[in-house]
Amino acid sequence: MAPKYLLCYLFFGLLQNVKCVKISVFPITLENELAAQNGLGWPSAINVAQGNEVLMKLLLSLENQNSCTVTDPRGFKFDISSPPSSKYQRWNDGCSVRVRNITFDDEGRWRLTASEGRKSITGWIEVTVLEKTNTYTAAPISLQDGETQTKVDLSSLDNAYCVVAKPFSESSLVSGKCSVTLDRTTRAVQGNWEIYLGLPGTVSEVQAKRHVTVQTEHLDVGYVRDTAHRLHLYCNILHTTKNITFCRFQRTSNPYGYNVIDGLSDGSHSYYGKGFALKQCGMTIEKPTSEDYGTWRCSVGVQMFVGTQIQQQTPMQALISVTPTLIRKEKNEDKPRTIFVQEDSSFTITCNSAISLSYCWFQHPNGTQFTPVKLVSEEQLFWYTGESLVVGHCGITFAHASSEDDGRWLCSMGPRSSLGLEMTDTVQVRVTGPLAANQKKVPVKIGGNATLYCHTANGRRPLKYCRFLSPKFVGMSIDSSITPENAVLNRYYFTPERELNFGDCSLSILTIEEDDVGAWTCAAVVDNEVFESRDTILVYINDQHRNYQFQASVIGLSVGLSGLVIVIIGVIAYRRAWLHHFYCTKKSTVPDEYALQRRAATSGSIQSSSSNE
Ligand SMILES: *[C@@H]1O[C@H](CO)[C@@H](O)[C@H](O)[C@H]1NC(C)=O
Ligand SMILES: *[C@@H]1O[C@H](CO)[C@@H](O)[C@H](O)[C@H]1NC(C)=O
Ligand SMILES: *[C@@H]1O[C@H](CO)[C@@H](O)[C@H](O)[C@H]1NC(C)=O
């Protein structure tokens, strides 16, 4: 009945003179009928998630509507003015219904019929009930550090839009599929991303969290010892798109290394790992010697696609400490390395470590700190020098040396594998002319021998000649042809195994006489320099050296003695002899105390003389 009335109304509206009765007599196609009815229901179709509500109405209203009948998908009818439960309610003028707490039973075609006396109109609404989505969970997302234009898909749901908030940044609204494109992936995007999804059939947005991790390409290095006492070193690349082209292991104390190829062995050194294809690089040492328990450097050659081209990249390197020995302790503290630097020229200070570094810095004798940076411009005052921090190289080059740079420099190195205290080392810098005395003060004793050594600063450069002037103004010109056999005045000769060509100007004196004590001058013309360069060396008498030796032997004796005491204590037969020995030792310490005092006095005078200089 209802469809016929509806059609009547429509045709009544369009063609005033057509009567309903007439229409109902003529059969009409089902299609038209549906279209007509559907057009009156609002909304014509709706997706709704369980638990939500649906609002339905007729698009047209009758002027004097006296009933509004709702027919649910099961055919159950009621008038909206007397709903069977609180689930249903009128929500609008005209013919409308609000259906609360939608369940799957509510799915299907709902009809609304408004009547006004004999006239009535009907419309229907197609309701599709969807599963309720309270939460959305998905696996963590792993990204590659440094990648550009990475598209990150955040949801597989059929959402209309989403709002994405990355950690520490403003949220952004994305239409359609929930994905975000990162210009450049960095570790700053790591963490939980908050996402709000606009889903069909649900008013409240679904909140989701996606955990994002950013993987950085790096070498995983280490070693394994197995029960067969073999030593396996490994240096695998993690999180990379690069391919391995070669794999090399070198003991840092050796100039040569091992070219390790997967599947290859020479009987004592073999490939270790799961293959280059899995970015693994390792070496097995079948019978490690004690020398193998040291520091190894691994170098991994890599290539990657740049555009469509395969390009070789800088090899990745790392150090492996097989017996993790901490830094060469302050062994150098007593006698720091000295580097000789020519004023105004550039100079380099290096401090190397046996473990990989993440940074290093230097302290100037005046306390200013310098952290070496990459050389990028010609005007730069200082820059990093060395192969790379990961192989333990820490070096700094300054463009110009000034006399202020003279003194004790400190370098501090931050190990890569551990936090906490930095490693330190000291380097003595001597800013000199082109020719410099290796030792400015040389202690001698009368009748002893001595060597006065001058050499070029800033590395080895040839000398045009080499001459010395004694404190008594005896000048002599020497080179390696002057040997002990043909010594000048039978006492002065060129120090064997040194070379003018390698920048050495070195005088050895056989038996020191009084006349040799005082200020000596060495002089030479250094290759490429116009003027002669000189330096002075103070030769002074010092019997401290002898006293040192004497004292050392006494201490050695008494230490040896205490061991002896334990062994011998009960052996009465030797008792007398031992007591006699002990008495002698004690006696000999008396003059030694004198010597100590004298030495303190001597070193004090040296100090003052150096400050006078
Ligand atoms: C890396 O190796 C894979 C597998 O052998 C190959 O498909 C890919 O093209 C290689 N890429 C480069 C950059 O060499
Ligand atoms: C220390 O020396 C450096 C290099 O010569 C200089 O740049 C710096 O100003 C000096 N600092 C002080 C405190 O004198
Ligand atoms: C110099 O003297 C030391 C001991 O004082 C001695 O060991 C060395 O052999 C001497 N050198 C020469 C060249 O005579």
Side-chain angles (χ1 to χ4, degrees), residues 133 135-200 205-221 235-245 277-279 300-318 356-359 371-380 383-384 388-390 414 416-417 419:
T133 315
T135 52
Y136 175 67
T137 48
I141 299 169
S142 176
L143 303 175
Q144 182 81 34
D145 195 13
E147 267 186 351
T148 52
Q149 300 300 320
T150 310
K151 189 165 172 237
V152 189
D153 285 320
L154 296 166
S155 139
S156 56
L157 297 179
D158 175 31
N159 50 271
Y161 68 89
C162 70
V163 174
V164 181
K166 290 177 273 197
F168 308 108
S169 50
E170 295 290 309
S171 52
S172 56
L173 180 66
V174 180
S175 320
K177 262 207 101 36
C178 194
S179 73
V180 168
T181 302
L182 298 172
D183 291 342
R184 187 165 180 281
T185 310
T186 71
R187 279 173 294 154
V189 303
Q190 279 198 130
N192 280 322
W193 291 25
E194 291 281 355
I195 300 161
Y196 296 93
L197 297 159
L199 293 180
E205 293 179 336
V206 168
Q207 186 186 356
K209 272 194 173 74
R210 292 302 301 265
H211 190 74
V212 173
T213 53
V214 176
Q215 306 287 5
T216 314
E217 176 189 83
H218 67 274
L219 284 178
D220 172 33
V221 300
C235 208
N236 304 331
I237 319 180
L238 298 184
H239 311 296
T240 190
T241 51
K242 296 173 186 160
N243 282 357
I244 295 185
T245 57
L278 291 171
K279 328 281 165 137
V300 187
V302 283
Q303 64 183 20
M304 65 184 277
F305 277 106
V306 177
T308 54
Q309 299 271 306
I310 290 182
Q311 279 187 9
Q312 300 289 328
Q313 303 289 307
T314 318
M316 299 176 71
Q317 303 198 83
S356 294
L357 302 174
S358 56
Y359 66 86
T371 301
V373 289
K374 223 172 135 179
L375 177 63
V376 286
S377 99
E378 286 189 8
E379 280 108 70
Q380 221 164 301
W383 55 86
Y384 175 84
S388 123
L389 287 167
V390 294
R416 189 164 281 249
S417 52
L419 299 174

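Heads up: numbering here begins at 1 and tracks the sequence.
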Side chain to side chain contact (heavy atoms under 4.5 Å, CB included) partners for Thr241, two or more places apart: none

Let me check something: any side-chain donor-acceptor pairs from residues 300-313 under 3.5 Å, sequence neighbours excluded? List them with distances.
unit_1: Gln303; atom_1: OE1; unit_2: Gln312; atom_2: NE2; d: 3.2

With Ile141 via side chain to side chain contact (heavy atoms under 4.5 Å, CB included) - residues at least two apart: Leu143, Val152, Leu154, Arg210, Val212

Spacing of Ser142 atom OG and His239 atom NE2 [to the nearest 0.5 Å]: 6.5 Å

Those residues that, when tested against Asn243, pass side chain to side chain donor-acceptor pair (under 3.5 Å) (two or more places apart): Lys279

Stepwise side chain to side chain contact (heavy atoms under 4.5 Å, CB included) test for Arg416 and Val390: CA-CA 8 Å; Arg416 189 164 281 249; Val390 294; 3.3 Å; yes

Shortest non-hydrogen separation from Tyr196 to Glu205 and the atoms involved: CB-OE1, 3.4 Å

Nearest-0.5 Å distance, CG of residue Leu197 to OG1 of residue Thr135: 11.0 Å

Sequence-distant partners of Ser377, side chain to side chain contact (heavy atoms under 4.5 Å, CB included), two or more places apart: Glu379, Gln380

Contacts of Ser156 that satisfy side chain to side chain donor-acceptor pair (under 3.5 Å) - sequence neighbours left out: Tyr136

Results of side chain to side chain donor-acceptor pair (under 3.5 Å) for His218 - residues two or more places apart only: none

By salt bridge (Lys or Arg N to Asp or Glu O under 4.0 Å) - contacts of Lys209 (at least two apart): Glu194

Minimum heavy-atom distance Ser358-Leu389, with the two atoms named: O-CD1, 3.6 Å

Identify all side-chain donor-acceptor contacts of residues 164-180 below 3.5 Å with residues at least two apart in sequence or on another chain.
unit_1: Ser169; atom_1: OG; unit_2: Lys166; atom_2: O; d: 3.2
unit_1: Lys177; atom_1: NZ; unit_2: Ser155; atom_2: O; d: 3.3

Side chain to side chain contact (heavy atoms under 4.5 Å, CB included) between Ile237 and Leu219, intermediate numbers included: CA-CA 5 Å; Ile237 319 180; Leu219 284 178; 3.8 Å; yes

All salt bridge (Lys or Arg N to Asp or Glu O under 4.0 Å) counterparts of Lys242, not counting sequence neighbours: Glu217

Using atom types as modelled, flag every donor-acceptor pair under 3.5 Å from a side chain in residues 183-192 to any protein atom, sequence neighbours excluded.
unit_1: Thr185; atom_1: OG1; unit_2: Glu147; atom_2: O; d: 3.4
unit_1: Thr185; atom_1: OG1; unit_2: Thr150; atom_2: OG1; d: 3.2
unit_1: Thr186; atom_1: OG1; unit_2: Ala188; atom_2: N; d: 3.1
unit_1: Gln190; atom_1: OE1; unit_2: Val214; atom_2: N; d: 2.9
unit_1: Asn192; atom_1: OD1; unit_2: His211; atom_2: ND1; d: 3.1

